[in-house]
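One structure is given here, and the rest of the page talks about it.
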Amino acid sequence: MSDSHVYPVMPSIAQKAHADEAKYQALYQQSITDPEGFWREQGQIIDWIKPYSNVKHTSFDTGHVDIRWFEDGTLNVAANCIDRHLKDKGDQIALIWEGDDPNDDATLTYQALYEHVGRFANALKAQGVKKGDVVCLYMPMVMEAAIAMLACARIGAVHTVVFGGFSPEALAGRIIDSNAKVVVTADEGVRGGRAVPLKQNVDEALTHPNVKSIEKVVVYQRTGGDIDWHNHRDVWWHEVTENASVDCPAEEMQAEDPLFILYTSGSTGTPKGVLHTTGGYLVYAAMTFKYVFDYQDGEVFWCTADVGWITGHSYLVYGPLANGAKTLLFEGVPTYPTTARMSEVVDKHQVNILYTAPTAIRALMAKGNEAVAGTQRNSLRIMGSVGEPINPEAWEWYHSTIGNQACPIVDTWWQTETGGILITPLPGATPLKPGSATRPFFGVQPALVDNMGNLLDGATEGNLVMLDSWPGQMRTVFGDHDRFEQTYFSTFKGMYFTGDGARRDQDGYYWITGRVDDVLNISGHRMGTAEVESALVAFNKIAEAAIVGVPHDIKGQAIYAYITLNAGEVPSAELHKEVKEWVRKEIGPIATPDFIHWTDALPKTRSGKIMRRILRKIATGETGSLGDTSTLADPSVVDKLIAEKESVV
Ligand code: ATP
Ligand code: MG
């Protein structure tokens with residue numbers, strides 16, 4: 001990963017940005033030397049019912065991990081995302097909805113959103129939902145998904161959103177773990193032209209013998225498709241809201257009252273039920289949204305993530321709405337009905353800020369200019385990436401082809417656990433290096449440690465930890481504080497361990513090298529997955545690549561590379577040789593793959609991340625013990641890979 005290529009800050013962006021370099025430096029310094037004072041001031045980005053006097057009360061000490069922010073303040077998240085904008089922005093657009101079918105779209109103003117949320121909040125109450133109860137949302141990407149989240153927040157119910165692509169088993173597991181009382185779903189979802197049987201999946205999940213907590217199922221009618229109905233339990237969204245009042249007082253919540261539970265993507269093991277609370281989370285989501293995307297009044301912001309992921313929570317719903325922004329919610333997939341759909345949506349709604357994931361970028365890149373056919377994308381000003389390391393090749397393609405070389409790219413590193421973005425460029429402040437998430441956000445203190453937990457200085461590589469808390473940090477694993485301490489605070493005493501490895505360069509920029517569990521050790525050289533994979537993706541015929549280590553008598557470990565090719569390319573002995581030579585030249589002999597496994601698809605989580613732990617098991621032939629596969633997007637990929645392994649050389 002060479003960092004020779006630097007994109008300076010664009011003066012046109014810096015001029016009107018919320019932060020230029022001088023302001024970033026000044027605010028960052030203050031946030032680290034005086035966190036209390038800094039956050040006391042910044043906490044004002046949202047409205048409080050009762051002001052806070054205690055700003056920060058946090059401890060990372062193993063055995064006593066305790067994280068509280070603004071704890072004596074009170075507020076309501078829905079009131080912050082809606083009510084406070086009514087005076088100035090009541091008739092302005094809050095939500096833009098783009099349907100799976102390019103002919104379907106709709107908008108809601110802040111006033112209309114207020115009314116929908118109020119009605120649904122009252123309907124939830126009428127169904128017996130009280131402050132503190134857990135409501136499970138298993139929804140397609142319709143505006144009602146956001147409305148339901150905000151309605152929960154309005155009455156102090158805790159939502160747990162489960163991605164609509166999850167199976168009945170996975171849904172049942174999350175309902176059992178969260179003890180949800182009500183499920184909100186739709187008859188069917190629509191994605192890529194196909195119906196998704198959401199209600200049927202809920203029915204099946206609720207037959208699980210350990211699901212005992214659900215009293216009601218609220219069903220939003222999306223398609224009108226045939227579904228089973230259980231009179232004692234099922235109610236229609238349109239019926240329960242029909243006569244409901246729009247007036248629903250916003251519940252006064254303590255800053256540390258729970259806002260939501262959300263399960264992690266399951267890339268590295270069984271998903272964790274991450275608990276986020278009210279005050280600190282909203283301050284952090286609002287502030288990162290404003291600065292990282294440099295949101296300017298009136299702009300259209302489009303985050304392509306599903307509401308079922310943390311990105312959908314913080315940057316589709318809470319961050320944008322807390323800032324009074326226009327946020328676009330897309331029901332479909334970026335390649336349907338045409339490869340250019342994402343670009344078409346940008347043109348149609350004149351999107352100014354686009355936030356998507358490397359998996360989508362690589363998929364489009366494999367199709368070349370088809371991804372932008374017939375589109376201009378001139379409205380774009382800023383683009384973002386999240387979810388996995390973005391290979392420099394994919395970064396450059398995103399920048400030049402989608403962004404017309406006119407938009408800074410913010411490569412945002414964060415986790416479900418962190419609530420909001422921790423390491424990222426700011427568009428008006430940070431010179432960009434493709435493949436680097438660059439520098440910490442305000443109040444964030446990243447550090448690199450060796451395996452003994454010793455702090456490393458200067459340009460180096462190590463385990464990525466955080467030395468102090470930030471307001472958006474998760475507070476616990478729901479129902480299992482021990483697991484919280486064990487997972488994040490026991491590896492390195494007194495520090496939050498991210499599970500990721502990183503390199504820091506001479507400019508203090510961070511480069512995520514991959515999960516530390518995936519680190520390879522080749523002849524005594526430790527190697528992250530990102531660098532080798534990026535070298536492979538930089539080869540002009542390769543679309544996507546994942547590497548894992550397999551035992552080797554002499555080297556300790558050998559490199560096993562899974563590779564998918566661009567449309568039209570076919571594997572051959574010649575190509576095999578070319579690829580090896582390419583890596584040898586790009587990185588060196590040490591990184592040359594020992595085995596190449598050509599395939600059509602890699603196993604991914606439903607949030608689109610490559611699951612290397614499964615690839616490792618396949619490469620080493622331990623296919624009897626694949627671990628938790630419930631979060632796999634397409635389990636058939638695994639069987640195919642196992643069958644293909646026979647012919648790998
Ligand atoms: P689980 O924790 O269940 O194994 P997960 O870690 O994939 O799943 P998420 O919280 O969705 O769950 O993802 C966070 C992880 O995604 C980070 O720890 C990091 O490995 C990766 N990630 C996110 N953004 C970036 C980025 N910009 N660059 C590199 N890696 C990223
Ligand atoms: Mg994780």
Side-chain angles (χ1 to χ4, degrees), residues 1 161 163 166 170 173-174 177 262-274 276 288 292 303 305-306 308-315 355-361 383-392 394-395 398 409-425 432-441 446 463-466 472-474 477 483-484 487-488 491 496-503 509-519 528-531 533-534 603-614 627-633:
M1 245 179 273
V161 184
F163 172 53
F166 273 127
R174 286 158 179 76
D177 191 74
L262 183 65
Y263 294 84
T264 55
S265 290
S267 306
T268 57
T270 311
K272 300 162 279 269
V274 167
H276 282 290
T288 46
V292 174
C303 162
D306 192 276
W309 314 120
I310 189 68
T311 308
H313 283 56
S314 301
Y315 302 113
Y355 191 30
T356 191
T359 182
I361 297 167
M383 305 196 301
S385 170
V386 60
E388 289 180 289
I390 179 165
N391 323 100
W395 195 106
Y398 189 35
I409 293 178
V410 287
D411 174 5
T412 62
W413 177 88
W414 59 299
Q415 312 177 293
T416 310
E417 294 89 337
T418 68
I421 294 162
L422 294 198
I423 303 183
T424 179
L432 305 172
K433 300 183 188 181
S436 172
T438 77
R439 307 185 296 199
F441 190 72
N463 300 291
L464 180 64
V465 298
M466 298 295 151
Q473 185 170 24
M474 75 184 281
V477 170
R483 186 174 178 200
F484 178 56
T487 309
Y488 306 102
T491 318
Y496 169 80
F497 179 39
T498 64
D500 287 352
R503 176 166 77 80
Y509 277 35
Y510 286 85
W511 302 71
I512 305 300
T513 52
R515 320 272 181 160
V516 297
D517 293 351
D518 295 333
V519 165
T529 50
E531 187 176 13
E533 289 167 4
S534 288
K604 293 190 180 170
T605 62
R606 284 167 204 261
S607 56
K609 298 165 196 246
I610 298 169
M611 278 166 95
R612 290 180 195 75
R613 66 182 162 92
I614 303 249
D628 188 332
T629 53
S630 67
T631 60
L632 262 175

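On a predicted model such as this, the values are computed, not experimentally measured, just so you know. Counting starts at 1 for both ligands and their atoms, following the listed order. Heavy-atom basis, side chains included; hydrogens, waters and symmetry copies ignored.
- In this structure, Tyr496 and Tyr488 have parallel ring planes: the angle between them is below the 30° cut-off, well short of the 60° mark.
- For the residue pair Asp500 / Thr498, no side-chain donor-acceptor distance below 3.5 Å is found, with atom types taken as modelled.
- Protein heavy atom closest to atom 4 (O) of ligand 1, with residue, atom name and distance, is Thr268 OG1, 2.4 Å.
- Using modelled atom types, one finds a donor on one side chain and an acceptor on the other under 3.5 Å when comparing Thr605 with Ser607.
- Protein heavy atom closest to atom 11 (O) of ligand 1, with residue, atom name and distance, is Ser265 OG, 2.8 Å.
- At a cut-off of 3.5 Å, with distance as the only test, no side-chain donor of Thr356 or Tyr398 sits close to an acceptor on the other residue.
- A donor-acceptor contact shorter than 3.5 Å links the side chain of Ser436 to the backbone of Tyr510.
- The single protein non-hydrogen atom nearest to atom 19 (C) of ligand 1 is Asp500 OD2, 2.9 Å, given as residue, atom name and distance.
- Selection from Gly384, Gly387, Gly266 by nearest heavy atom to atom 24 (N) of ligand 1 gives Gly387.
- Distances from atom 6 (O) of ligand 1 to the heavy atoms of Lys609, Glu417, Arg515, Gln415 show the closest one on Arg515.
- Residues Lys433 and Thr438 bring no donor and acceptor atom of their side chains to less than 3.5 Å of each other.
- Proximity to Ile512 (heavy-atom distance under 4.0 Å) selects the following atoms of ligand 1: 29 (C), 30 (N).
- Side-chain atoms of Arg613 come within 3.5 Å of backbone atoms of Asp628 as a donor-acceptor pair (strictly under, hydrogens ignored).
- Look at Glu388 and Arg515 and you find no salt bridge, because none of the NZ, NE, NH1 or NH2 atoms lies under 4.0 Å from a carboxylate O.
- Looking at Trp414 against ligand 1, only its backbone comes within 4.0 Å, counting heavy atoms.
- Of the listed options Tyr510, Tyr263, Trp511, Trp413, Trp413 places a heavy atom closest to atom 25 (C) of ligand 1.
- At a heavy-atom distance under 4.0 Å, only backbone atoms of Thr412 (N, CA, C or O) approach ligand 1.
- Remark: ligand 1 and Thr498 share no N or O pair separated by less than 3.5 Å (distance only, no angle test).
- Counting only N and O atoms by type, the side chains of Tyr315 and Thr288 include a donor and acceptor under 3.5 Å apart.
- Considering only non-hydrogen atoms, atom 26 (C) of ligand 1 lies nearest to Glu388 out of Met611, Glu388, Arg613, Lys272.
- The shell of residues lying under 4.0 angstrom from ligand 1, judged by heavy atoms, excludes Ser607.
- Checking Gly499, Ser267, Ser436, Gly501 against atom 7 (O) of ligand 1, the nearest heavy atom belongs to Ser267.
- Residue, atom and distance of the protein heavy atom nearest to atom 10 (O) of ligand 1 are Thr416 OG1, 2.5 Å.
- With respect to atom 29 (C) of ligand 1, the closest heavy atom belonging to the protein is Pro389 N, 3.1 Å.
- Across Asn463 and Phe497, no two heavy atoms sit closer than the pair CB-CE1, 3.8 Å.
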